[in-house]
*Asks:* 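Sharing a structure below in structure tokens format, with a few things to ask.
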Amino acid sequence: MGTNANWKEVLAAVLLFLAGLLIRVALSSRATITGDSLRFLAQAKDLAAGSADLIPGDPFSAVPPGYPLFIRAADWITPGVTFLLGVQLLLSVLTLLFFWLAARRLSRKGAVAALALLTLNPWLARQQALVMSETLGAFLVAVTVLLWPAPGRPLAALPSFALGALAVGASLVTPAAAFIAIPALGVIAWRNRRSA
């Protein structure tokens with residue numbers, strides 16, 4: 001019976017992933033570049049040019065630097081917004097996968113329910129088709145949650161460093177990720193309080 005339940009759970013997850021991919025591809029055809037997207041693109045262009053003015057006329061930027069750096073890296077591989085949005089589509093689907101894998105540690109049924117909520121959330125699905133930081137931020141948070149050790153499991157130096165870097169990186173991409181980063185860094189510090 002356990003094998004049958006696992007098979008049903010995996011089948012449900014695969015169907016949800018396919019639905020999520022189809023929703024995201026459908027929403028990708030309606031991508032628009034306006035408002036904050038233009039600021040992110042301008043900041044990435046200014047970074048590439050070595051400009052000190054990250055927002056024209058202003059030496060400081062109110063936009064966190066992580067996402068413009070990501071745009072710059074994607075543009076270095078293949079110039080253009082089309083490639084960037086393709087990378088974001090991939091990150092969006094990987095975010096679903098990583099959250100599902102992380103949630104399975106606690107509850108297999110709960111993981112499918114959580115996957116359904118994330119997959120069918122129209123706002124989250126739409127973000128990957130915009131030049132906005134939420135898709136990259138959600139991906140970094142998903143990787144952080146996936147790599148988080150099970151309760152009672154020791155946290156070695158390299159995983160601690162990786163988790164800390166992911167938590168800080170997510171906050172530099174999407175400031176709201178600080179709600180994940182601050183507790184994550186606190187737990188890392190607490191669990192490693194007796195070691196260098």
*Asks:* Hey, does Trp100 have a side-chain heavy atom less than 4.5 Å from the side chain of Leu16?
*Replies:*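 Leu16 vs Trp100: side chains apart.
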*Asks:* So do Thr144 and Leu163 actually touch side chain to side chain, heavy atoms under 4.5 Å?
*Replies:*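 The answer is yes; the side chains approach within 4.5 Å.
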*Asks:* Closest approach of Ala44 and Pro68, non-hydrogen atoms and distance?
*Replies:*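 Distance-wise, the nearest heavy atoms are CB-O, 3.5 Å.
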*Asks:* Working to the nearest 0.5 Å, report the span between CZ of Phe99 and CG of Leu117.
*Replies:*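 One gets 12.5 Å once the value is rounded to the nearest 0.5 Å.
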*Asks:* Heavy atoms only: give me the nearest Leu118-Leu96 pair and the separation to one decimal.
*Replies:*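 Here Leu118 and Leu96 meet closest at CB-CD2, 3.6 Å.
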*Asks:* Hey, any chance Leu85 and Trp123 share a hydrophobic cluster, counting ILVMFWY side chains that come within less than 4.5 Å of each other, even indirectly?
*Replies:*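 Yes, Leu85 and Trp123 fall within the same hydrophobic cluster.
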*Asks:* Honestly curious: do Val143 and Leu90 fall in one hydrophobic cluster under the side-chain, below-4.5 Å linking rule?
*Replies:*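 Both belong to a single hydrophobic cluster.
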*Asks:* Please give me the minimum heavy-atom distance between Ala129 and Leu27, naming the atom from each residue.
*Replies:*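 That closest heavy-atom pairing would be CB-O, 3.7 Å.
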*Asks:* I want to check something: taking the side chain as every heavy atom from C-beta on, are Phe98 and Val145 in contact at a cut-off of under 4.5 Å?
*Replies:*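 Answer no - side chains too far apart.
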*Asks:* Test of understanding: with side-chain contact (heavy atoms from CB on, under 4.5 Å), list the residues that count as partners of Ala114, not counting sequence neighbours.
*Replies:*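 Applying side-chain contact (heavy atoms from CB on, under 4.5 Å) to Ala114 gives none.
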*Asks:* Linking I/L/V/M/F/W/Y whenever any side-chain heavy atoms sit under 4.5 Å apart, do Val81 and Leu38 land together?
*Replies:*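 Yes, it is one cluster - the side chains of Val81 and Leu38 are joined through contacts under 4.5 Å.
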*Asks:* Can you give me the closest heavy-atom contact between Pro65 and Gln43, atom names plus distance?
*Replies:*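 Reported closest heavy-atom pair: CA-NE2, 4.2 Å.
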*Asks:* Is there a path of hydrophobic side-chain contacts, each under 4.5 Å between heavy atoms, that joins Leu115 and Leu146?
*Replies:*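 The answer is yes; both residues are in one hydrophobic cluster.
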*Asks:* Is there a path of hydrophobic side-chain contacts, each under 4.5 Å between heavy atoms of I/L/V/M/F/W/Y residues, joining Leu94 to Val112?
*Replies:*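 Both belong to a single hydrophobic cluster.
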*Asks:* I'd like a table of donor-acceptor pairs (distance under 3.5 Å, sequence neighbours excluded) in which one partner is a side-chain atom from residues 131-142, with atom names and distances.
*Replies:*
from, atom 1, to, atom 2, distance (Å)
Ser133, OG, Val173, O, 3.4
Thr135, OG1, Gln127, O, 3.4
Thr135, OG1, Gln128, N, 3.2

*Asks:* Just so I know, are the side chains of Gln88 and Phe83 near enough to count as touching, which here means a heavy-atom distance under 4.5 Å?
*Replies:*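 They are not in side-chain contact.
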*Asks:* Can you list every salt bridge (charged side-chain N to carboxylate O under 4.0 Å, His left out) pair that touches residues 80-96, not counting sequence neighbours?
*Replies:*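 Listed once each, the pairs would be none.
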*Asks:* Under a 4.5 Å cut-off applied to non-hydrogen side-chain atoms, are Leu97 and Phe17 in contact?
*Replies:*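 Contact flag for Leu97/Phe17 side chains = yes.
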*Asks:* What distance separates Ile23 CD1 from Ser28 OG, expressed to the nearest 0.5 Å?
*Replies:*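 Those atoms lie 11.5 Å apart.
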